[in-house]
Amino acid sequence: MKKNIVTLMGVLGGLLSAGAAYAAQPEPWQMTFQPAGSAIMEQIIWFEHYTLWFIVPITLFVMGLLAWVMFRYRASANPVPSKTSHNTAVEVVWTVGPVVILLFLAIPSFQLLTAQYSPEEAKMTIKATGYQWYWGYEYQAGDAPVSFDSVMLKDGDRAAAGKEDRKAYPRLLAVDNEMVVPVNTTVRLLVTGADVIHSFSMPAFGVKMDAVTGRSNETWFKADKEGMYYGQCSQICGKDHAFMPIAIHVVSQSQYDAWFAAAGKDLPGAYKTLTAKIDADKNVNVAGN
């Protein structure tokens, strides 16, 4: 009995890890943020929930007040309108009340901004260049820097790339070459444009930075969960703006080291090896071994 329970827990854990391997991507009729893949995004989601405790009551109060005013002071019920022009108590309340509310919003907002612009020391630097209409990545590390283009994956190329699983590699979001980074590593990201203004947006990491021609903008992220994360160019950059996805594959340090060592010589082979290794590990977890 005990063995069966342990086996069942292993299977469930494997299934959960397999689902988590897909990490974050847009979902149909999605009304909330994508699941957080970094500490900064967790703070952003917390701040969203925090502000709702102010927004919802204020909205309901204003709607109720408007309804009461329209009913109480309609022409048929109030044929002789009041000529009152000032009310000291009301004026004090509607001045002091918003100030207090704004203070409650400002303090955590400034704390979040401080966290966003206070990165840890970066262990690696990647340059992301926006083109019409794809991204180019350059790893500024090691004696032989790795650079490649990342283009939206076409359906006809899925089999050759080993990316036929549409849950892990969704249509219009999957790419031929993902940015690969190790988990729990601070990545310094340099963002620029080669033609028009683009924008590097990765919702699960709380990252959004414009890619401007002739300028290098800097941001950072630190992914704390392994998996595949998807974003898109969020700046209207031309007719194929909608077909400019961003994919970041977060893997273990050992998997990243193996991929990086092979990517400089054989990029397609490095991706196939990485995918096969992750699939093999996933199968082992699901089997409960």
Side-chain angles (χ1 to χ4, degrees), residues 12 16-17 19-74 84 86-120 170 173 183-187 189 191 199-210 217-236 245-246 248 250:
L12 291 176
L16 290 174
S17 65
Y22 300 145
Q25 57 182 265
E27 300 291 343
W29 298 97
Q30 186 171 6
M31 298 179 63
T32 59
F33 288 122
Q34 293 183 15
S38 70
I40 290 296
M41 191 59 200
E42 289 177 355
Q43 294 184 51
I44 292 174
I45 292 176
W46 176 88
F47 185 67
E48 180 216 14
H49 294 165
Y50 175 77
T51 55
L52 284 176
W53 285 101
F54 296 89
I55 294 172
V56 172
I58 291 172
T59 302
L60 294 176
F61 173 75
V62 172
M63 290 177 61
L65 188 61
L66 287 173
W68 179 75
V69 168
M70 288 187 292
F71 176 78
R72 174 64 180 81
Y73 297 102
R74 68 191 190 278
T84 302
H86 294 283
N87 185 301
T88 302
V90 172
E91 291 176 359
V92 170
V93 170
W94 76 40
T95 300
V96 175
V99 170
V100 173
I101 293 172
L102 288 175
L103 284 175
F104 276 99
L105 294 176
I107 293 173
S109 175
F110 291 151
Q111 292 174 337
L112 175 58
L113 285 173
T114 300
Q116 287 180 301
Y117 289 95
S118 303
E120 301 175 7
L173 287 175
V183 70
N184 294 323
T185 299
T186 301
V187 179
L189 190 65
V191 183
S199 187
F200 189 96
S201 177
M202 182 54 62
F205 298 159
V207 170
K208 184 180 184 298
M209 181 60 68
D210 284 350
N217 292 329
E218 181 177 336
T219 185
W220 68 281
F221 64 87
K222 182 180 181 181
D224 54 19
K225 299 180 181 68
E226 296 182 31
M228 190 76 74
Y229 297 85
Y230 292 101
Q232 289 178 301
C233 172
S234 59
Q235 192 72 258
I236 299 177
I246 301 167
I248 299 180
V250 181

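What you see below is based on every heavy atom in this structure, not just the backbone, and it leaves out hydrogens, waters and symmetry mates.
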Side chains of [X] and [Y]: closer than 4.5 Å at any heavy-atom pair?
X	Y	value
I246	Q232	no
Q34	P26	yes
I44	Q116	yes
H49	I45	yes
P245	Y230	no
F33	M41	yes
T51	L105	yes
W220	L189	no

Query raised in the report: Does K222 come within less than 4.0 Å of E42, counting only side-chain N to carboxylate O?
Result: no
Kindly compute the distance separating [atom1] ([X]) from [atom2] ([Y]), expressed to the nearest 0.5 Å.
X	Y	atom1	atom2	result
F200	C233	CZ	SG	10.5 Å
L65	M70	CG	CE	10.0 Å
I40	S118	CD1	OG	8.5 Å
Q43	L112	CD	CG	6.0 Å
M202	F221	CE	CZ	8.0 Å

Report task. Applying ring pair (Phe, Tyr, Trp, His ring centres under 6.0 Å), name anything that partners W53, two or more places apart in sequence or on another chain. Result -> none
Report task. Step by step, work out the side chain to side chain donor-acceptor pair (under 3.5 Å) result for D224 and S38. Result -> CA-CA 5 Å; D224 54 19; S38 70; over 6 Å; no
Query raised in the report: With distance as the sole test, does D210 use its side chain to make a donor-acceptor pair with the main-chain N or O of S199 at under 3.5 Å?
Result: no
Ignoring hydrogens, what is the shortest heavy-atom contact between [X] and [Y]? Give both atom names and the distance.
X	Y	answer
F205	I248	CE1-CD1, 3.9 Å
Y50	P108	CE2-CG, 3.6 Å
P57	L52	CD-O, 3.8 Å
M209	T219	CE-CB, 3.8 Å
F71	R74	O-NH1, 2.5 Å
I101	I58	CD1-CD1, 3.8 Å

Requested in this report: Please check if atom CD1 in I236 has more than 12 non-hydrogen atoms from other residues, nucleotides or ligands closer than 6.0 Å.
Outcome: no
Query raised in the report: Within a radius of less than 6.0 Å around CZ of F54, do more than 12 heavy atoms belonging to other residues, nucleotides or ligands occur?
Result: yes
